[in-house]
Novice: 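First, the structure itself, so that you have it in front of you.
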There are 2 protein chains.
Amino acid sequence: MRVLVADDQELVRTGFQMILDAQPDIEVVAAVADGVAAVEQARRLRPDVCLLDIRMPRLDGLEATRILAGPGVPDPMRVVIVTTFDLDEYVYGALRGGACGFLLKDSGPTLLIEAVRAAANGDALVSPSVTVRLLEHLARPAAVRGRPPREPLTERELDVVRLIARGRTNQEVAAELFVSLSTVKTHLGSIFAKLGARNRVEIAAWAWESGLIR
Amino acid sequence: MRVLVADDQELVRTGFQMILDAQPDIEVVAAVADGVAAVEQARRLRPDVCLLDIRMPRLDGLEATRILAGPGVPDPMRVVIVTTFDLDEYVYGALRGGACGFLLKDSGPTLLIEAVRAAANGDALVSPSVTVRLLEHLARPAAVRGRPPREPLTERELDVVRLIARGRTNQEVAAELFVSLSTVKTHLGSIFAKLGARNRVEIAAWAWESGLIR
DNA sequence: CCGGCCATCGGCCGAAAGGACGATTCGCTC
DNA sequence: GAGCGAATCGTCCTTTCGGCCGATGGCCGG
């Protein structure tokens, strides 16, 4: 597993290097001190994982991430952001920029290693103290959003709702669920009753609001 | 750090127990085999962290989570879900149920320990392979959200789209915009053409995706 | 002043939606 | 084994949708 380390602080850079090189399956192939150098070396050496600090001279880590892994980049690299500062702008900036990891420097060596392994694996590890905030954003919408149905929908009815919300016709829903048109219509009848919806778009709207879609 | 372990499989339970008890700062204070026992012991012993499997007899881990940590619970406990199955319903169910951790059983002991430490700390650790999917949901809204229409919609057409997406019929749209049914249909025709939609639900879906609604 | 674009309106017609019945099968529970 | 909910399928009927015509008036820029 070949890793690039980019951090403007000498001590941090060598610290990371020592931690990682101590692992039998990890090798630090480059250690650079600014964003431009990080992008250059990343392109030249094609490491499995790039470990980028955010605050760096010339080009910051978030910009470098967008260049190496951002949307629209042909052959995106695996980037893990490592930073001291637990700021929401950094977190969202990094993850929207295509980073597959976000680590705070107070995380301890274990997580650093796990983050590198995860990234090399195509997975993503985010610092627990950051994750807990991300989860709030995930959990809150579900709480407020989407009035609960009068009665709970059955699993099958939810299948129908999901397809309806994606714009399928009854025919298509029937085909995709391997049932007849009549069955779909019957399910739809129950759904209308349970949700108090007047037409299929209201069903779709409910699905979007309650987070059933996406 | 006092931990409760709940898993219906004897081997898994003792495995977790051994891994955790090997840590100087972690002590397993209870190991139970079903959800009801988990809730009972958790309430009695008040451990710092509850490690719950999902598939358990009597009461599954997701229900137990909602009971111990769900929204509205007065003094919520720290729950980490541990499961073999990487299913989206599980992930969202757990995290919306108030879990502050989601681990796959193939994660390795390191992450298990880190997850327990994080949870005890009020943070949250999610398995990297799960995180990567959560991040897609986070990143997509900014990037992909709402493919641009072939041609831009006119202001009036957007009025129609907004009402359609809220589930109004053409009649109702006509009434609310003070125009005739024919006019609404004409606008709809243009909208269909510009968005490449096949029916009104696809129009609604586009409206939701592109943030036109809400 | 003429050509485009937009918003407005109308009619016609086939396809889809959806409401109202009834009916069967399965699995679960009492 | 009776009762029940869920899932399945069917028929008949009305309303709505959506496509395809064409038409008028207003406004703006070449």
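Every chain is numbered from 1 and lettered A, B, ... according to where its sequence line falls, protein lines coming before strand lines. All heavy atoms count here, side chains included; hydrogens, waters and symmetry mates do not.
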Novice: Is the phosphate of C:dA17, meaning OP1 or OP2, less than 4.0 Å from a side-chain N or O of B:Arg200?
Specialist: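 For C:dA17, OP1/OP2 do not have a side-chain N/O of B:Arg200 under 4.0 Å.
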
Novice: How many whole angstroms separate atom CD of B:Glu155 from atom C1' of D:dC27?
Specialist: 17 Å

Novice: For DNA chain D, whose closest nucleotide is more 5', that of B:Arg198 or that of B:Thr186?
Specialist: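 The answer here is B:Arg198.
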
Novice: Quick one: label B:Thr169 by what it contacts on the DNA or RNA (base, sugar-phosphate, nothing), any heavy atom closer than 4.0 Å.
Specialist: sugar-phosphate

Novice: Is the shortest side-chain N/O distance from B:Thr154 to OP1 or OP2 of C:dA7 below 4.0 Å?
Specialist: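 B:Thr154 to C:dA7 OP1/OP2: side-chain N or O found under 4.0 Å.
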
Novice: Ignoring hydrogens and geometry beyond distance, is a side-chain donor-acceptor pair present between B:Thr186 and B:Thr183 at under 3.5 Å?
Specialist: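 Per modelled atom types, B:Thr186 and B:Thr183 side chains form no pair under 3.5 Å.
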
Novice: Once you round it to whole Å, what is the distance between P of D:dG18 and CG of A:Asn199?
Specialist: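 Rounding to the nearest Å, CG of A:Asn199 and P of D:dG18 are 10 Å apart.
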
Novice: Starting at atom CG of B:Leu177, determine the distance to atom P of C:dA7, rounded to an integer number of angstrom.
Specialist: 11 Å

Novice: Quick check on D:dC17: is either OP1 or OP2 less than 4.0 Å from any side-chain nitrogen or oxygen of B:Asn170?
Specialist: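 Yes.
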
Novice: Rounded to whole angstrom units, what separation is found between the NE2 atom of B:His187 and the C1' atom of D:dC20?
Specialist: 17 Å

Novice: Whether B:Ser190 contacts C:dC6 is assessed here as follows: a side-chain N or O lying under 4.0 Å from the phosphate OP1 or OP2. Is that the case?
Specialist: no

Novice: Between atom CG in A:Asp159 and atom C1' in D:dT8, what is the gap in whole Å?
Specialist: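 Taking atom C1' of D:dT8 as the reference, CG of A:Asp159 is at 14 Å.
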
Novice: Can A:Val36 and A:Glu40 be said to form a side-chain contact (heavy atoms from CB on, under 4.5 Å), step by step?
Specialist: CA-CA 6 Å; A:Val36 174; A:Glu40 282 171 6; 3.6 Å; yes

Novice: In this structure, how many angstroms lie between the P atom of C:dC9 and the CG atom of B:Leu188, rounded?
Specialist: 14 Å

Novice: Looking for any heavy atom pair under 4.0 Å, which part of the strands does B:Thr183 touch: base, sugar-phosphate only, or nothing?
Specialist: base

Novice: Measure the distance from NZ on B:Lys185 to C1' on C:dG14 and round it to the nearest whole Å.
Specialist: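 To the nearest whole Å, that distance equals 12 Å.
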
Novice: Charged N to carboxylate O under 4.0 angstrom, A:Glu202 versus B:Arg200?
Specialist: no

Novice: Any side-chain N or O of B:Ser180 under 4.0 Å from OP1/OP2 of C:dC9?
Specialist: yes

Novice: Please assess A:Ser127 against A:Ser107 for the test side-chain hydrogen bond (donor to acceptor under 3.5 Å, both in side chains), listing each intermediate value before the final yes or no.
Specialist: CA-CA 7 Å; A:Ser127 262; A:Ser107 290; 2.9 Å; yes

Novice: For the pair made of CD1 in B:Ile203 and C1' in D:dC17, what is the distance, rounded to whole Å?
Specialist: 11 Å

Novice: Would you say the side-chain atoms of B:Asn121 and B:Arg78 include a donor-acceptor pair closer than 3.5 Å?
Specialist: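 B:Asn121 vs B:Arg78: no donor-acceptor pair found between side chains.
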
